[in-house]
Amino acid sequence: MAEAVKVLIQDEAGQEEVLVESSAPLAAVVPGQDPSVLAARVADGVVDLTRPVGDARQVRLLRFADAEGRRVFRHSSAHLLAQAVKRLWPDARLGTGPALEDGYYYDLNLPVPLAESDLGRLEAAMREIAAEALPIRREELSRDQALRLFRERGETFKQQIVERIPDGTPISVYRQGEFVDLCAGPHVPHTGVLQAIKLTSVSGAYWRGDEHEPMMTRVYGTSFPSEAQLEEHLERIEEAKRRDHRQLGQQLGLFQFREESPGFVFWLPKGLRLFRRIEEVSRVLQEPLGYEEVSTPWIYKDVLWKRSGHWDHYQDNMFLVERGDEHLGVKPMNCPGHALLFGSTVRSYRELPVKWAEYGPLSRFERSGTLHGLLRVRGFHQDDAHLFVRPQQIQEQISEVLDLVDRVYALFGMTVEVVFSTRPDDYLGELETWEDAEGQLRAALAAWGRPYQLNPGDGAFYGPKLDFNAIDSLGRRWQTSTVQLDYQMPQQLDISYVEQDGSRQRPVMIHRAVLGSVERFIGILTEHYAGDFPLWLAPLQVRVVPVTDDEAARARQLVEDMRSAGLRAEVDERSEKLGKKIRDGQLDKVPVLLVVGAREREAGTVSVRSRSGDNGVYDWPTYLGQLGASAAIPTSPSASPR
RNA sequence: GCCGGAAUAGCUCAGUGGCAGAGCGCUCGCCUUGUAAGCGAGGGGUCGUGGGUUCAAAUCCCACUUCCGGCUCCA
């Protein structure tokens, strides 16, 4: 009972209305059978082009350029990968294979270990299947039919998934040639659409993400409609690799890691200059807000950790020391120490808020496989502070921290995103207190006036929190810090202040770190700037390059002038060609190279070369003044020169 | 911690069972340089550590350490 219906086709170019049989597949409404159309969005969601038009009256055509079209393309690529694996290893059992932002993966249980060197073979098999242009067909089954199908095929993992689907839910599978996969879809019309394919890596992944479940082999890949787009993507990956802070740290002589102390950083002089500069930024910006620095012990007896709750909740992440009868723990956080100091004397409400900062070393025993350059270490420093406040001061103090976060990240040309995590199911304390705290956080966020993401139920058991993601120059997100309200620590360590009415009250502790770990932050900054630190931050700001050995004396004089002005400068005195010294200066990513020869000496000038090239000749005393000014921390972002 | 891979000179890497190599860096000498690599010579190695197989191991096998890609974790 085919009936002709009017369908409105929407495409990026515009829309048109066509008349089509309702029993025809959606593909029939695609103008000119355009092969770049991968799927369609109708009222029910994104669907296959093989689906009948049915009662759809508005159809949006999806291509690779659409995020939804891209997901379909990548998901079909994952099926292609799984099919290729099954052709090479028929005993392989399928797990799951979703699309990712930039590609896809498939988790499989394989009879043999798979190495990255096997990926070429696998890619070849994928290309073969693509060349076969197998039609991809959807089938709907009952739960029993699906169970039987996957049991017959020995797909035990798929069986597990089906078993978890409630009875009565329609189940879909997709077939392409000999391959069948349990899948909600949708998919591209046939495998020939999947043109440019690349498998990128292979690794292990727990089944269902649970470390008690078996380990699957996960193969990662990406795919594009054309080789040119694939090339472009691989080029972006190369760019990210060139920015890898571990590589730049080695190349620029900033820091090292050594086998003798896994997870701890060896800072070289240049790296430590960066480190100190970052700390300076933190101090300069927060001291006017009434922060004061304290220094507390880094090893405490188990008694303290038991009182603070770390012994029960955090012991696995602590370095423990046993010395005779004493059990000691190296601090993973500053809060208990700060709370002890706060409680060491009677505090009046007049003193609050108390804001104590500490940059000292923290140690956390991270599992060996989680260490990653500066981004995940066992020994680090935070721009940590604890605010002891009266409950009614929460909002104003959070607002102040939000403002500080904005100003700090603006210095580095980064913005932040905020995630607000609220009361979890297993919360401690009074419901009323929680509601008040969350209300104050919400008010502070509203005053801040920017959108934020809500993460209900993801707060800490002791209080709600705000997480910050910094966004770098490549658009990548990095979790840098959290601001957490804590009602438990003051109680556990029994600290209080005297209220206006003479009563003893518990302060609320606000844990906050703006940069988070300084180590991690430097790793992020290195990648953000690709090692081209701005002048005010660069470990070496100026290198003087004498044209001949005869100019070395003046070059040294210039460096002395600069050092007196507080600049970080040095001379390249090697007996090398000018071109060589320029090249090395560029490779060392020095912001300013001053070329000085006989001409400059006679005229009292310097020839300036920045990272972008020759900047011309300047009068030395004038230029020195300018340099000094632009090398200062640009506390007002508009005044920040790169 | 788990899965897979890797470890050779200071750095980046070549070397698949038979005398340990290259480029850069380093030292010395020559050159005296004008905006991205001047020339020559020299020094430099427990081939990650320990065990095994073999007439013979950087190379094959086992264990450990560390790193890399992920997973898990990151109150």
Side-chain angles (χ1 to χ4, degrees), chain A residues 105 107-110 112-119 200-220 241 244 246-247 250-253 256-263 308-310 312-317 332-333 335 364-373 375-378 421 424 426-428 458-463 465 467 479 482 484 486 488-489 511 516-517 520 545-552 574-588 593-600 607-611 613-617:
Chain A
Y105 67 78
D107 283 347
L108 301 127
N109 186 290
L110 283 176
V112 289
L114 188 68
E116 258 158 56
S117 51
D118 297 320
L119 294 182
T200 48
S201 70
V202 52
S203 68
Y206 299 110
W207 172 238
R208 280 209 275 267
D210 182 339
E211 61 181 313
H212 305 293
E213 295 280 357
M215 180 67 71
M216 312 284 281
T217 302
R218 175 171 295 181
V219 182
Y220 283 90
K241 264 193 201 160
D244 190 312
R246 295 166 297 188
Q247 193 182 324
Q250 170 73 254
Q251 192 183 318
L252 302 178
Q256 289 181 0
F257 287 93
R258 296 186 53 101
E259 206 174 306
E260 288 85 344
S261 183
S308 70
H310 288 80
D312 288 337
H313 291 105
Y314 209 72
Q315 203 183 140
D316 288 350
N317 280 293
M333 300 171 196
C335 27
R364 295 183 186 173
F365 185 82
E366 303 290 355
R367 297 212 270 178
S368 59
T370 63
L371 302 175
H372 183 88
L375 302 180
R376 190 77 179 272
V377 289
R378 285 176 173 164
S421 298
D426 61 340
Y427 69 96
L428 280 180
D458 207 39
F461 67 89
Y462 49 75
K465 65 175 181 178
D467 290 317
Q479 221 243 289
T482 55
Q484 308 185 349
D486 190 346
Q488 294 308 309
M489 188 73 65
H511 307 253
S517 146
R520 188 171 151 77
V545 180
V547 175
T548 69
D549 292 349
D550 295 340
E551 307 304 321
R574 295 173 307 163
S575 182
E576 293 285 356
K577 296 280 237 199
L578 179 61
K580 171 70 166 167
K581 290 192 253 191
I582 297 281
R583 175 181 151 86
D584 288 345
Q586 299 285 142
L587 291 176
D588 291 344
L593 297 177
L594 295 181
V595 177
V596 292
R599 291 205 295 268
E600 287 79 6
S607 173
V608 178
R609 187 183 167 104
S610 70
R611 286 176 176 133
D614 196 338
N615 281 12
V617 177

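Naming convention: chains lettered A, B, ... in sequence-line order (proteins, then strands); numbering from 1 in each chain. From a predicted model like this one, the values you see are computed outputs, not experimental measurements.
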Sorted by chain and residue number, the side chain to side chain donor-acceptor pair (under 3.5 Å) partners of A:H511 (sequence neighbours excluded) come out as A:H386, A:D486

Sequence neighbours excluded, the answer for ring-ring contact (aromatic ring centres under 6.0 Å, His included) partners of A:H372 is none

Length of the line joining A:N109:CG and B:G4:C1', which is rounded to integer Å:
14 Å

A correct 5'-to-3' footprint of nucleotides 34-40 of chain B, with B, S and - meaning base, sugar-phosphate only and no protein heavy atom under 4.0 Å, is BBBBB--

Strictly by Watson-Crick or wobble contacts shorter than 3.5 Å, is anything paired with B:G34, and which nucleotide is it?
none

Rounded to the Å, how far apart are A:Q250 CD and B:G10 C1'?
9 Å

Run the side chain to side chain donor-acceptor pair (under 3.5 Å) test against A:D550 and tell me which residues pass, sequence neighbours left out.
none

Can you name the side chain to side chain donor-acceptor pair (under 3.5 Å) partners of A:R574, sequence neighbours left out?
A:D572, A:D584

Please confirm whether the backbone N or O of A:S575 pairs with a side-chain atom of A:K580, one donor and one acceptor, at under 3.5 Å?
no

Please determine whether salt bridge (charged side-chain N to carboxylate O under 4.0 Å, His left out) holds for the pair A:K581 and A:E551, giving the CA-CA distance in whole Å, both sets of side-chain angles, and the decisive distance to 0.1 Å.
CA-CA 14 Å; A:K581 290 192 253 191; A:E551 307 304 321; over 6 Å; no

Does B:C74 pair with anything, Watson-Crick or G-U wobble, both distances under 3.5 Å, and if so, with which nucleotide?
none

Between B:G40 and B:G50, how far is it from one C1' atom to the other, in whole Å?
44 Å

Take atom C1' in B:A58 and the same atom in B:A7, then report the distance between them in whole Å.
11 Å

In B/S/- notation (B base, S sugar-phosphate only, - none; protein heavy atoms under 4.0 Å), nucleotides 60-75 of chain B written 5' to 3' is -----BSSSBBBBBBB

For the P atoms, the ones on B:C13 and on B:A9, what distance do you get once it is rounded to whole angstrom?
11 Å

Would you mind pulling out the nucleotide paired to B:G23, Watson-Crick or G-U wobble, both distances under 3.5 Å?
B:C11

Now, which nucleotide makes the Watson-Crick or G-U wobble pair with B:U66, with each of the two distances under 3.5 Å?
B:A6

Identify the nucleotide, in any strand shown, that forms a Watson-Crick or G-U wobble pair with B:C55, with both distances under 3.5 Å; if there is none, say none.
B:G18

Say you pick atom C1' in B:G69 and the same atom in B:G10; how far apart are they, in whole Å?
27 Å

Distance check, C1' atoms only: B:A41 and B:U35, in whole angstrom units.
30 Å

The criterion is side chain to side chain donor-acceptor pair (under 3.5 Å); which residues satisfy it with A:R378, sequence neighbours excluded?
none

Under-4.0 Å salt bridge between A:D210 and A:R208
no

Taking the C1' atom of each, how far is B:G44 from B:G23, in whole Å?
15 Å

Counterpart residues, salt bridge (charged side-chain N to carboxylate O under 4.0 Å, His left out), relative to A:E116 (two or more places apart):
none

Distance between the P atoms of B:G38 and B:G34, in whole angstroms?
11 Å

For A:Y427, all residues meeting ring-ring contact (aromatic ring centres under 6.0 Å, His included), sequence neighbours excluded:
A:W434

Distance, C1' atom - from B:C11 to B:C19, rounded to whole angstrom:
26 Å

